[in-house]
2 protein chains.
Amino acid sequence: MAVTIRDVAKEANVSLRTATRVVNNEPHVRATTRQLVREAAARLGWCPNAHARHLVRGRTDRLGVILPDSRNTIFSDIASAIEAQAQVQSYDCLFLHSEGVPEREAKFLSLAMDGTVDGLIVMANVLKENHEIYTRLLEDRIPMVFRAGPETPGTVDLVAVDLEMAGYMATRHLLKLGHRHIGMILQEAAKERQTGRVDGYTRAHREEDICVHPEYRIYCGYRVKDGYHAMRCLLEAHPKITAVLCHNDQLALGSFRAARELGRRIPDNLAVVGYDNIELGRFCEVPLTTIGYSKGLLGQLLVDMICRRIKEPNHPSQRIVLPPELIIRESCGYAIRR
Amino acid sequence: MAVTIRDVAKEANVSLRTATRVVNNEPHVRATTRQLVREAAARLGWCPNAHARHLVRGRTDRLGVILPDSRNTIFSDIASAIEAQAQVQSYDCLFLHSEGVPEREAKFLSLAMDGTVDGLIVMANVLKENHEIYTRLLEDRIPMVFRAGPETPGTVDLVAVDLEMAGYMATRHLLKLGHRHIGMILQEAAKERQTGRVDGYTRAHREEDICVHPEYRIYCGYRVKDGYHAMRCLLEAHPKITAVLCHNDQLALGSFRAARELGRRIPDNLAVVGYDNIELGRFCEVPLTTIGYSKGLLGQLLVDMICRRIKEPNHPSQRIVLPPELIIRESCGYAIRR
DNA sequence: TTGAAAGCGCTAACAA
DNA sequence: TTGTTAGCGCTTTCAA
């Protein structure tokens with residue numbers, strides 16, 4: 001069967017202890033002995049068994065990162081940032097895509113319980129179906145940090161973007177451009193837990209004494225096609241709408257085709273604002289005006305938090321809120337004629 | 001510390017053996033005893049240690065899937081198909097994104113060596129830097145299957161799409177529409193190992209006795225922005241070009257903005273064809289004409305192959321080639337005026 | 001139907 | 001500098 005470190009020790013005529021010393025780069029081994037063991041390992045093609053190692057060490061130096069949607073590239077961007085910082089902290093990452101399926105998310109959560117990973121970074125969309133499991137994990141002091149809306153309840157480690165401010169900035173931008181009928185395409189899954197965007201939208205309207213139309217809000221899924229259908233419904237139901245705020249860039253991009261099919265031209269007679277600042281938004285035919293935030297900082301904070309939680313399980317929990325930034329490109333055009 | 005199955009056995013006043021029988025749903029346990037153990041486990045909040053279990057079992061029932069680019073949604077689609085079939089075969093999947101970085105790919109390959117996964121599905125873009133490692137893995141009979149071009153050498157399990165046919169179909173479509181100056185935006189990384197598209201392109205031209213311009217081919221990276229830059233370069237260098245074949249949809253979508261910046265309107269005076277049939281291609285402003293293939297079948301075959309390889313390490317290797325399909329939408333418009 | 005005990009491959013406390 | 005040995009938490013052979 002597979003060659004073990006015992007075989008290597010035997011081959012090199014040293015004890016098991018010496019062999020492990022060598023393969024783990026521990027000191028107190030004569031250089032010649034070290035060489036001997038190295039050669040034996042290479043000759044036999046020895047490869048350490050991860051399970052044995054993790055079992056005895058009681059840790060894996062591995063982080064699990066639960067992502068909601070593998071098709072939305074914003075999560076790839078954040079994942080990159082997480083991975084970069086994890087490397088700094090000497091951790092490997094396992095990226096896990098729940099795709100909005102509770103059973104999948106639950107399975108990933110069990111990876112923390114069964115020791116496959118040392119801790120979990122959970123990116124948004126905590127599924128309420130798994131609420132019990134989360135509670136249990138938290139009670140069991142399994143290291144976890146969340147990326148979520150600032151309004152998330154509970155005492156957990158968390159980093160968020162100021163969604164109220166994001167909604168406010170985007171809305172104010174549109175109002176200043178002269179828009180008076182601004183729709184919102186929002187994500188159903190975040191309806192209850194992320195009210196920030198709507199709050200900001202409302203505040204911007206109030207500030208200008210402009211009436212808010214709740215019927216201009218439509219809730220949908222998170223896929224590209226959902227953005228398409230949402231835009232169609234919204235525009236067909238409320239043709240007065242001249243601008244739309246989208247929950248994220250993916251939905252915004254999906255909505256472009258619907259606008260065109262209904263005879264709308266972006267930005268000539270329809271303005272669209274996204275959220276996330278994904279790469280494709282810069283390169284689509286009409287570059288997307290959007291809300292951005294520092295993905296690098298987000299990833300870094302998430303990793304640093306989980307690492308601290310792993311090292312100090314009793315450290316008081318912490319929440320950090322990141323500022324959003326309005327990125328003006330072309331999808332809102334210039335001020336509309338009144 | 002953590003509660004072990006020993007603790008559970010003690011709590012239930014049974015032996016270790018009986019406890020494992022219960023937690024693994026083995027027969028030969030009296031119903032009342034079973035119940036006793038279950039309750040004890042629940043009371044103690046016992047959770048099996050994955051490493052211990054995998055160590056002794058010698059397997060994990062887990063597959064590693066190496067993907068080249070987390071930002072290209074085609075891989076999300078194929079990953080979904082893989083995961084679905086893996087579930088049928090009772091395997092879990094770990095999705096690993098190499099992002100074109102040799103070190104990352106190498107690290108993932110080691111997951112098969114160290115027993116973290118039972119086998120590996122490698123999606124395209126095998127990095128030549130890791131050629132040695134691949135050779136070693138193959139020699140060590142680590143279960144691996146590849147998704148690659150049909151022209152990939154060696155005796156390995158592999159499933160491919162007929163790229164020559166894909167290139168032929170796309171080119172012929174454009175030629176029939178009247179295009180005579182057809183550019184190609186190709187992926188640098190696949191330049192040497194995937195010549196199929198170019199072969200098909202050439203064949204279609206020959207068939208019509210139309211001259212092939214090698215200078216109409218440009219090679220670039222795989223990101224959206226690479227598609228943008230490639231299209232700019234290509235069109236600026238060769239304004240005669242009226243149609244462009246892209247290595248994949250992601251690149252095609254990235255190229256749209258470049259065309260617009262150069263005063264080209266798709267499809268009015270520029271036709272674009274992609275490859276992969278990603279969701280966004282249906283919903284961008286001008287839906288993308290592209291080459292598709294059965295992602296479901298691709299994923300299924302990949303999984304079935306790796307499972308067979310795991311069960312029968314000495315089974316003769318197999319290669320399967322899937323047929324491509326031309327999906328006509330709007331990005332090529334109608335026949336151009338000559 | 002139940003249990004005692006060996007051992008998966010590795011690390012690390014302790015001894016020499 | 002090197003070696004002996006006891007586990008990590010689990011599965012499984014064999015015996016009762």
Side-chain angles (χ1 to χ4, degrees), chain A residues 1-38 40-41 44-62 110-118 140 142, chain B residues 1-38 40-41 44-62 110-118 140 142:
Chain A
M1 261 275 308
V3 16
T4 76
I5 197 168
R6 259 198 183 78
D7 302 324
V8 174
K10 208 161 290 173
E11 174 83 8
N13 272 314
V14 297
S15 74
L16 194 56
R17 187 66 184 89
T18 303
T20 56
R21 277 208 175 89
V22 173
V23 301
N24 290 324
N25 290 313
E26 289 172 47
H28 306 304
V29 182
R30 201 191 302 147
T32 54
T33 314
R34 198 174 284 276
Q35 188 58 22
L36 231 53
V37 174
R38 289 239 168 85
L44 265 40
W46 175 78
C47 177
N49 180 304
H51 303 303
R53 181 169 276 178
H54 295 155
L55 175 58
V56 60
R57 279 199 179 150
R59 62 193 168 83
T60 60
D61 299 317
R62 217 153 47 184
S110 76
L111 295 180
M113 296 250 38
D114 72 15
T116 300
V117 298
D118 292 350
D140 287 2
I142 302 292
Chain B
M1 263 268 315
V3 16
T4 76
I5 196 168
R6 260 198 182 77
D7 302 325
V8 174
K10 207 161 290 172
E11 173 83 8
N13 272 315
V14 297
S15 75
L16 196 55
R17 187 64 183 91
T18 303
T20 56
R21 277 208 175 90
V22 173
V23 300
N24 289 322
N25 291 313
E26 289 172 48
H28 306 304
V29 181
R30 201 191 302 147
T32 54
T33 313
R34 198 175 285 277
Q35 188 57 23
L36 231 53
V37 174
R38 289 239 168 85
L44 265 40
W46 175 77
C47 177
N49 179 304
H51 302 303
R53 181 168 277 179
H54 296 154
L55 175 59
V56 58
R57 280 196 179 153
R59 62 192 168 81
T60 59
D61 299 317
R62 215 154 49 185
S110 76
L111 295 181
M113 296 251 38
D114 73 15
T116 300
V117 298
D118 293 349
D140 286 3
I142 302 292

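Letters A, B, ... are given to chains in the order of the sequence lines, protein chains preceding strands, and every chain is numbered from 1. No hydrogens, no waters, no symmetry mates; every other heavy atom, side chains included, goes into these values. Quick caveat, the model's predicted, so the values are computed rather than measured.
Residue A/Val14 places its side chain closer to D/dG3 than to any other of D/dG3, D/dT2, D/dC10. For B/His28, taking side-chain heavy atoms from C-beta onward, the closest of the listed nucleotides D/dC10, D/dT1, C/dT2 is C/dT2. Among the nucleotides D/dG9, D/dG7, C/dT2, the one closest to any side-chain atom of B/Leu55 is D/dG9.
Separating the CZ atom of B/Arg6 from the P atom of D/dG7 is a distance of 10 Å, rounded to the nearest angstrom. Rounded to an integer number of Å, the gap from B/Asp114 CG to C/dC10 P is 11 Å. Distance CG (A/Leu16) to P (C/dA15): 19 Å, rounded to an integer number of Å. Taking atom CZ of residue A/Arg57 and atom C1' of nucleotide C/dC8, one finds them 18 Å apart after rounding to whole Å. When rounded to the nearest whole Å, the span between CG of A/Asn24 and P of C/dG9 equals 17 Å. B/Ile5 has its CD1 atom 15 Å from the P atom of D/dC8, to the nearest Å. Atom-to-atom, CG of A/Asp61 to P of C/dT11 comes out at 12 Å; the value is rounded to the nearest Å. Between the CG atom of A/Asn25 and the P atom of C/dT11 there is a distance of 11 Å, rounded to whole Å.
Look at A/Ser15 and you'll find a side-chain N or O under 4.0 angstrom from OP1 or OP2 of D/dG3. Taking side-chain N and O atoms only, A/Thr4 has no distance below 4.0 Å to OP1 or OP2 of C/dC8. Taking 4.0 angstrom as the limit, B/Arg53 places a side-chain polar atom (N or O) nearer than this to OP1 or OP2 of D/dT11. For the pair A/Thr18 and D/dT1, the criterion of a side-chain N or O lying under 4.0 Å from OP1 or OP2 is not met.
The base of D/dT1 lies outside donor-acceptor range of the side chain of A/Arg21, with no N or O pair under 3.5 Å.
Each of A/Glu26 and B/Arg30 was assigned the nucleotide of DNA chain C with the nearest heavy atom; the assignment lying further toward the 5' end belongs to B/Arg30. Mapping B/Pro48 and A/Ala31 onto DNA chain D via the closest heavy atom, the residue that lands nearer the 5' end is A/Ala31. Nearest-nucleotide positions on DNA chain D for B/His51 and B/Arg17 put B/His51 closer to the 5' end.
Here the CZ-CD distance, from B/Arg34 to B/Glu26, works out to 8.5 Å after rounding to the nearest 0.5 Å. Here A/Thr116 contributes atom OG1 and A/His51 contributes atom NE2; the two are 8.5 Å apart, rounded to the nearest 0.5 Å. A/Arg53 contributes atom CZ, which lies 10.5 Å from atom CZ of A/Arg59 (distance to the nearest 0.5 angstrom). Of the inter-residue distances, the one linking B/Thr4 atom OG1 with B/Asn49 atom CG reads 10.0 Å to the nearest 0.5 angstrom.
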> Which is it for A/Thr20 and A/Arg17 under the side-chain contact (heavy atoms from CB on, under 4.5 Å) test, yes or no, and what are the steps along the way?
Replying inline: CA-CA 5 Å; A/Thr20 56; A/Arg17 187 66 184 89; 3.2 Å; yes

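Counting non-hydrogen atoms under 4.0 angstrom, B/Thr20 reaches a base of the nucleic acid.
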